[in-house]
K.L.:
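Got a structure for you, questions after.
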Amino acid sequence: MEKDLKDKKILLIEDDPFLIDIYTKEFENSRIEIQVIRDGLEALKFLKENKVDLILLDILLPRFSGWQILEEIKKIPEIKDTKVIILSNLSNKEDIEKAFSLGIEKYLVKAHFLPKEVVKETLDLL
């Protein structure tokens, strides 16, 4: 049985226009609405005012890093339990361990996953 995903809200926090385009198209092909924010500070403002079901989060972002966003999310009761998948090219063991210690669900290294696989990994958590 298919999951009903039409009411699910996913936020992609990514600053690379090329990747934004690829991931947005792939999610749209799966009939899933995805909101995109390119800046860490804007993303945090958005999250304080809007509920999402899952966040796809890059670590290297302008003005406010993915690390800072993760730390801030955990301080805000309304969003602290939001599922987060890190989507980054940082692939060293320390970064991955740090991310899991901050409560993420999955850590996907961009270079190791096709966009279609990123969508599948995301859907598995919804």
Side-chain angles (χ1 to χ4, degrees):
M1 190 168 129
E2 289 281 311
K3 290 183 188 178
D4 184 8
L5 300 170
K6 72 176 178 353
D7 295 327
K8 297 294 183 182
K9 293 183 176 66
I10 299 172
L11 175 63
L12 171 62
I13 306 171
E14 169 65 63
D15 63 326
D16 181 321
F18 177 72
L19 292 176
I20 289 169
D21 189 49
I22 289 173
Y23 290 125
T24 302
K25 283 187 176 124
E26 200 61 52
F27 276 96
E28 286 171 357
N29 289 343
S30 299
R31 293 195 280 289
I32 297 162
E33 190 178 324
I34 185 165
Q35 169 89 32
V36 178
I37 299 180
R38 299 169 185 250
D39 171 282
L41 206 51
E42 291 301 316
L44 201 53
K45 284 183 201 167
F46 177 86
L47 286 167
K48 288 177 179 177
E49 298 168 8
N50 300 275
K51 174 130 177 56
V52 299
D53 297 290
L54 187 138
I55 301 165
L56 282 166
L57 176 63
D58 190 10
I59 292 176
L60 302 176
L61 295 164
R63 297 202 304 159
F64 216 70
S65 75
W67 298 127
Q68 292 169 296
I69 291 171
L70 275 174
E71 289 169 2
E72 288 300 311
I73 286 172
K74 295 304 165 199
K75 295 177 187 173
I76 303 167
E78 298 78 30
I79 60 174
K80 72 177 178 61
D81 295 325
T82 304
K83 293 177 180 173
V84 178
I85 297 175
I86 294 290
L87 188 57
S88 176
N89 271 325
L90 297 180
S91 60
N92 67 54
K93 187 178 176 210
E94 293 78 20
D95 286 329
I96 294 169
E97 288 173 355
K98 178 179 179 179
F100 277 105
S101 77
L102 290 169
I104 67 160
E105 305 292 323
K106 293 183 181 182
Y107 194 109
L108 305 180
V109 177
K110 292 175 188 174
H112 299 173
F113 288 86
L114 295 169
K116 189 174 294 194
E117 294 170 319
V118 170
V119 170
K120 183 191 177 316
E121 293 288 331
T122 302
L123 298 184
D124 287 347
L125 288 177
L126 293 175

K.L.:
Do NZ/NE/NH1/NH2 and the carboxylate oxygens of K9 and D53 come within less than 4.0 Å?
P.N.:
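Looking at D53 together with K9, the answer is no, because their closest N to O distance does not fall below 4.0 Å.
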K.L.:
Measure the spacing between CG of L57 and OG of S65 and express it to the nearest 0.5 Å.
P.N.:
8.5 Å
K.L.:
With salt bridge (charged side-chain N to carboxylate O under 4.0 Å, His left out) as the rule and sequence neighbours excluded, what pairs involving residues 64-79 come up?
P.N.:
E72-K75
K.L.:
Are L114 and L123 connected in the hydrophobic side-chain network, where two residues link if heavy atoms are under 4.5 Å apart?
P.N.:
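Each belongs to a different hydrophobic cluster.
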K.L.:
Just to verify, what does S88 make a side-chain contact (heavy atoms from CB on, under 4.5 Å) with, not counting sequence neighbours?
P.N.:
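Partners of S88 by the side-chain contact (heavy atoms from CB on, under 4.5 Å) criterion, ordered by chain and then number, come out as D58, I59, I86, L90, Y107.
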K.L.:
Closest heavy-atom contact between R38 and L61?
P.N.:
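Closest approach of R38 to L61: O-CD2, 4.3 Å.
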K.L.:
Identify the two heavy atoms, one from V109 and one from S91, that lie closest to each other, and give their separation to 0.1 Å.
P.N.:
CG2-CB, 3.8 Å
K.L.:
For Y23 versus V118, what's the shortest heavy-atom pair and its separation?
P.N.:
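Result for this residue pair: CE2-CG2, 3.8 Å.
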K.L.:
Would you mind reporting whether I85 and L125 have side-chain heavy atoms less than 4.5 Å apart?
P.N.:
yes
K.L.:
Would you call K98 and E94 a salt bridge, taking side-chain N to carboxylate O under 4.0 Å as the test?
P.N.:
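No, this pair does not count.
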K.L.:
Return the CH2 to CG distance between W67 and L60, rounded to the nearest 0.5 Å.
P.N.:
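W67 CH2 to L60 CG: 9.0 Å, rounded to 0.5 Å.
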K.L.:
Would you list the pairs meeting salt bridge (charged side-chain N to carboxylate O under 4.0 Å, His left out) in which at least one residue belongs to residues 14-23, sequence neighbours left out?
P.N.:
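Only E14-K110, D21-K25 qualify under salt bridge (charged side-chain N to carboxylate O under 4.0 Å, His left out).
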K.L.:
Look up atom CD in E26 and atom CG in L19, then write down how far apart they are to the nearest 0.5 Å.
P.N.:
13.0 Å
K.L.:
Do the side chains of L87 and L102 join up, straight or via other hydrophobic residues, at under 4.5 Å, putting them in one cluster?
P.N.:
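Different clusters: L87 never reaches L102 through Ile, Leu, Val, Met, Phe, Trp or Tyr contacts under 4.5 Å.
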K.L.:
Could you report the tightest heavy-atom contact between S30 and V119, atom names first, then the distance?
P.N.:
OG-CG1, 3.5 Å
K.L.:
Let me check something: do F64 and I13 share a hydrophobic cluster, defined by ILVMFWY side-chain heavy atoms less than 4.5 Å apart, either directly or through other members?
P.N.:
yes
K.L.:
Apply salt bridge (charged side-chain N to carboxylate O under 4.0 Å, His left out) to E97 and K93, showing your working.
P.N.:
CA-CA 6 Å; E97 288 173 355; K93 187 178 176 210; 3.6 Å; yes
K.L.:
Would L126 end up clustered with V52 when hydrophobic side chains under 4.5 Å apart are linked, directly or stepwise?
P.N.:
no
K.L.:
Write out all pairs satisfying side chain to side chain donor-acceptor pair (under 3.5 Å) with one or both partners inside residues 111-120, taking only residues at least two apart or from two chains.
P.N.:
K120-D124
K.L.:
Testing I22, V36, L12, L56 for side-chain contact (heavy atoms from CB on, under 4.5 Å) with F27, which one passes?
P.N.:
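So, applying the side-chain contact (heavy atoms from CB on, under 4.5 Å) to F27 and each of I22, V36, L12, L56, only L56 qualifies.
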K.L.:
Which atoms form the tightest heavy-atom contact between A43 and I69, and what is the distance?
P.N.:
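Closest approach of A43 to I69, heavy atoms only: CB-CD1, 4.3 Å.
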K.L.:
Applying a strict under-4.5 Å side-chain criterion to I, L, V, M, F, W and Y, I'd like to know whether I10 and I79 cluster together.
P.N.:
no
K.L.:
My understanding is that only residues two or more places apart in sequence, or in another chain, count here; which of them pass side-chain contact (heavy atoms from CB on, under 4.5 Å) with D81?
P.N.:
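Scan of D81 (side-chain contact (heavy atoms from CB on, under 4.5 Å), adjacent residues dropped) gives none.
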K.L.:
Between L11 and F46, which heavy-atom pair has the shortest distance, and what is it?
P.N.:
CD2-CD2, 3.9 Å
K.L.:
Taking only residues two or more places apart in sequence or in another chain, which ones pass side-chain contact (heavy atoms from CB on, under 4.5 Å) with E121?
P.N.:
K106, L108, F113
K.L.:
Are any non-hydrogen side-chain atoms of L54 and V84 less than 4.5 angstrom apart?
P.N.:
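No; the side chains remain at least 4.5 Å from each other.
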K.L.:
Return the CZ to CG distance between R63 and L44, rounded to the nearest 0.5 Å.
P.N.:
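Separation between the atoms: 11.0 Å.
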K.L.:
So I73 and I55, do their side chains get closer than 4.5 Å, heavy atoms only?
P.N.:
yes
K.L.:
Does E42 use its side chain to pair, donor to acceptor, with the backbone of D39 at less than 3.5 Å?
P.N.:
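Side chain of E42 to backbone of D39, a donor-acceptor pair under 3.5 Å: no, none is there.
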K.L.:
Is any side-chain heavy atom of K8 closer than 4.5 Å to one of I32?
P.N.:
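No. Closest side-chain heavy atoms not under 4.5 Å.
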